[in-house]
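In the text below, chain A, chain B and the rest are named by the order of the sequence lines, each starting its count at 1. As a basis for the values below, the full set of heavy atoms in this structure was taken, side chains included, without hydrogen atoms, waters or symmetry mates. What you see is a predicted model, and the numbers here were worked out from it, not measured in a lab.
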Amino acid sequence: MIFNVVIPNLGATGGDVVVEEWLVKPGQFVQAGAPLFVVTTDKATVEVEAFRSGYLHSILIEIGTSLPPGSLVALLADTEQELNAPPPALVLPANSPALERRSIDSEQKQVEEIQPARKILASPLARRMVRQADLDLATLPGTGRQGAILKRDVQRALDLRQLSELSASIPGIEVQRIPVSNARKAIAQRTQWSKSHTPHFYASIDIDMCAAREMLSQAATLAAKHGWNAPTINDLVLRATAKALRKVPRLNASYSGEEILVYGQINLGLVIGLADGMIVPVLHNVDQKNLFTIAAQTKKLKEKAQMGTLTAKDLDGGTFTVSNLGMYGLDSFLGVINPPQAALLTLGAVLQKAVVREDQVVPRWTLTVNLSVDHRAVDGVHAAAFMQELRNLLENPFTLVFEAPKEEVD
Amino acid sequence: MNLDSAVPIEVVLEIYRRMVRIRRFEDRLYQMFLQGLVPGTLHQYQGQEAIAASVCMALRLEDVVFSTHRPVGHAIAKGVPLEGIAAELWGKATGCAGGKGGQMHLVDSTVGFPPSSAVVGSNIPMAVGAALGFKLRGLDCVAVSFFGDGASNTGAFHEGLNLAAVKDAPVIFVCENNQYAASTHISLAMRISDIALRAQAYGFPGLVVDGMDAIAVYNSASQAIAHARSGAGPTLLEYKTFRFMGHSRGDPGGYRSKQEVEEWRKRDPIIRLHNTLIEIYNQTTEALESINREIQVEVEAAIQFAQDSPDPDPATTYQNVFADD
């Protein structure tokens with residue numbers, strides 16, 4: 001016969017455990033009572049023993065997976081012959097989450113449709129507070145174990161509500177009422193979420209853009225000759241940002257609560273202001289694109305944004321965002337991080353400023369850039385390393401066009 | 001005290017039965033726990049069976065036993081029906097506590113098993129109170145408090161022993177010294193090597209006995225019980241023993257060396273009594289095997305009964321939870 005190997009109820013609180021290691025390989029024999037695999041619970045690292053002797057038929061989950069008790073993780077066969085046999089129709093413990101997980105892998109859509117609504121975890125006190133305050137449990141983000149909603153989460157929602165009630169209007173003054181569009185609501189929700197959940201910190205640096213301006217003017221001449229799009233300061237900064245992120249990948253990341261997810265692609269979101277609101281189309285794999293390609297693609301994205309023809313593909317997958325208000329002449333400004341990204345770069349205008357060089361005050365074209373950073377994922381040293389690299393690249397702009405020789409391919 | 005007194009064969013066989021019943025039930029529970037089939041927690045008793053079985057065998061039905069967070073062995077030994085214990089572990093209406101207690105709170109007042117108390121050391125003064133009650137009512141019953149080495153470092157231990165001493169309470173303090181209070185070795189928790197020494201401080205006898213030797217446990221317990229029944233007061237019995245499993249479910253026991261566990265497993269009290277039965281009591285291997293088989297059937301039936309039993313009716317939630325007027 002083939003038997004199910006499941007996660008026993010090991011933790012002190014019945015919470016999820018992480019499967020760390022298999023001590024027996026598929027096909028190998030294991031004696032009843034001998035350690036079969038290793039898990040980490042909320043309390044300790046634990047060897048789970050085989051409940052009967054047999055041959056490990058197959059392992060059904062990946063190492064590092066976090067699973068609730070009762071999850072099916074492997075199959076154990078009585079005889080060696082059964083190793084080659086496909087597993088019989090699985091008899092699973094009631095409500096086995098392993099069933100859902102396994103099925104999602106193979107028949108994702110179908111299972112998603114039949115999955116029951118997720119049960120909302122909340123402490124009894126939080127539930128009572130929610131009832132009394134007439135809030136909706138489903139709208140509250142939980143900060144407890146497994147996202148459970150706790151007293152502090154409800155309190156925060158109450159504080160926010162009180163704050164908005166306080167500042168909702170100033171009595172006695174005539175008002176013009178502007179309806180809130182869906183786009184505006186989305187902006188309100190995302191920025192409010194970001195500011196209340198992401199601990200922001202900021203880094204600022206001045207960059208000398210004299211060489212960059214000189215290079216862009218030559219690039220414009222070249223572009224005119226070939227009928228290409230002339231790159232802008234913004235395009236050059238995008239190119240430099242992508243290269244700097246390659247050097248300091250920690251800023252191209254998300255904080256997931258359990259892990260820091262560092263992304264393998266560099267996809268830059270580009271904030272574009274609209275008549276009402278703004279939109280953030282995404283330029284994908286920017287580190288692999290040359291300056292003229294970036295110029296052509298940003299121009300296209302801007303046009304599509306104005307026309308309202310951006311596709312889902314144009315809006316998905318951003319890993320880092322750049323926002324530029326330089327065209328309005330601002331010295332600099334600070335932005336709100338675009339979750340779940342870990343950082344956002346904001347650009348002011350390239351202005352002539354009095355700068356001290358070799359003991360002389362001289363006029364230099366200067367760009368002030370600010371970086372807003374999620375301190376959960378990124379520390380000051382990472383932010384500083386990134387800003388330093390960005391300045392080096394932009395102050396020596398030839399490094400942005402000169403590429404190392406590629407290996408010859410036959 | 002004579003630990004090698006001849007014990008009648010009927011008594012030894014019944015001690016063996018109770019020890020095997022505990023071991024088979026606990027082993028089966030662990031196997032099912034690994035399969036995710038046992039709800040709630042487990043604190044297992046394998047390795048310590050000689051103590052529960054022999055001490056309870058030396059008691060009368062009306063004597064009472066106060067147990068701990070690890071009560072399954074004590075409850076089986078005192079005669080709580082296996083079905084009621086199994087059903088309680090599964091939280092069923094037919095459980096010995098109506099499904100409200102779970103593994104740590106077993107009870108059966110008809111066999112002298114008041115609710116076990118999971119708070120370490122807490123049952124020591126309770127047993128003293130019960131014993132004083134027997135004395136004041138003129139009964140010749142005794143109370144037993146089972147506890148571990150960890151409990152002997154709580155305040156309740158010292159208060160309980162002192163009060164029992166000055167009142168000559170008919171109580172037997174049974175310390176199952178399994179060397180570890182959860183993960184803390186006894187050497188990290190006390191300076192003395194024998195907990196029984198502490199009886200001297202309160203002016204009554206204390207005795208160290210091999211807890212893996214069922215005959216020695218039975219003889220020492222019988223004499224301490226007779227002493228208490230005669231009105232001479234309490235005894236502290238320290239049984240040196242070892243739990244083969246972790247402290248509770250999910251405890252890998254990594255704080256003990258494999259060698260230490262192996263050494264103690266070689267002294268398995270069931271194997272030892274099995275050999276005694278064959279060598280001294282002239283029992284056959286077949287006869288003992290047949291007992292083992294009977295008990296295996298009993299264990300399977302009890303677990304089947306638990307699984308087939310109904311869940312408690314929500315309407316009975318507050319029944320037997322608060323004291324009646």
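Put simply, CD on B:Q31 and CZ on A:F51 are 7.0 Å apart, with the number rounded to the nearest 0.5 Å. To the nearest 0.5 Å, the span separating CG on A:N4 from CG on B:L37 amounts to 9.5 Å. Between A:I7 atom CD1 and B:Q35 atom CD the span is 14.0 Å, to the nearest 0.5 Å.
Environment of CZ in A:R128: sparse, with no more than 12 heavy atoms of neighbouring residues, nucleotides or ligands closer than 6.0 Å. The local environment of NZ in A:K151 is sparse, with at most 12 non-hydrogen atoms from other residues, nucleotides or ligands closer than 6.0 Å.
When heavy atoms are compared at a cutoff of 4.5 Å, A:A50 approaches chain B solely by way of its backbone atoms N, CA, C and O.
A:N9 and B:F33 get closest at one heavy-atom pair: O-CE1, 3.5 Å.
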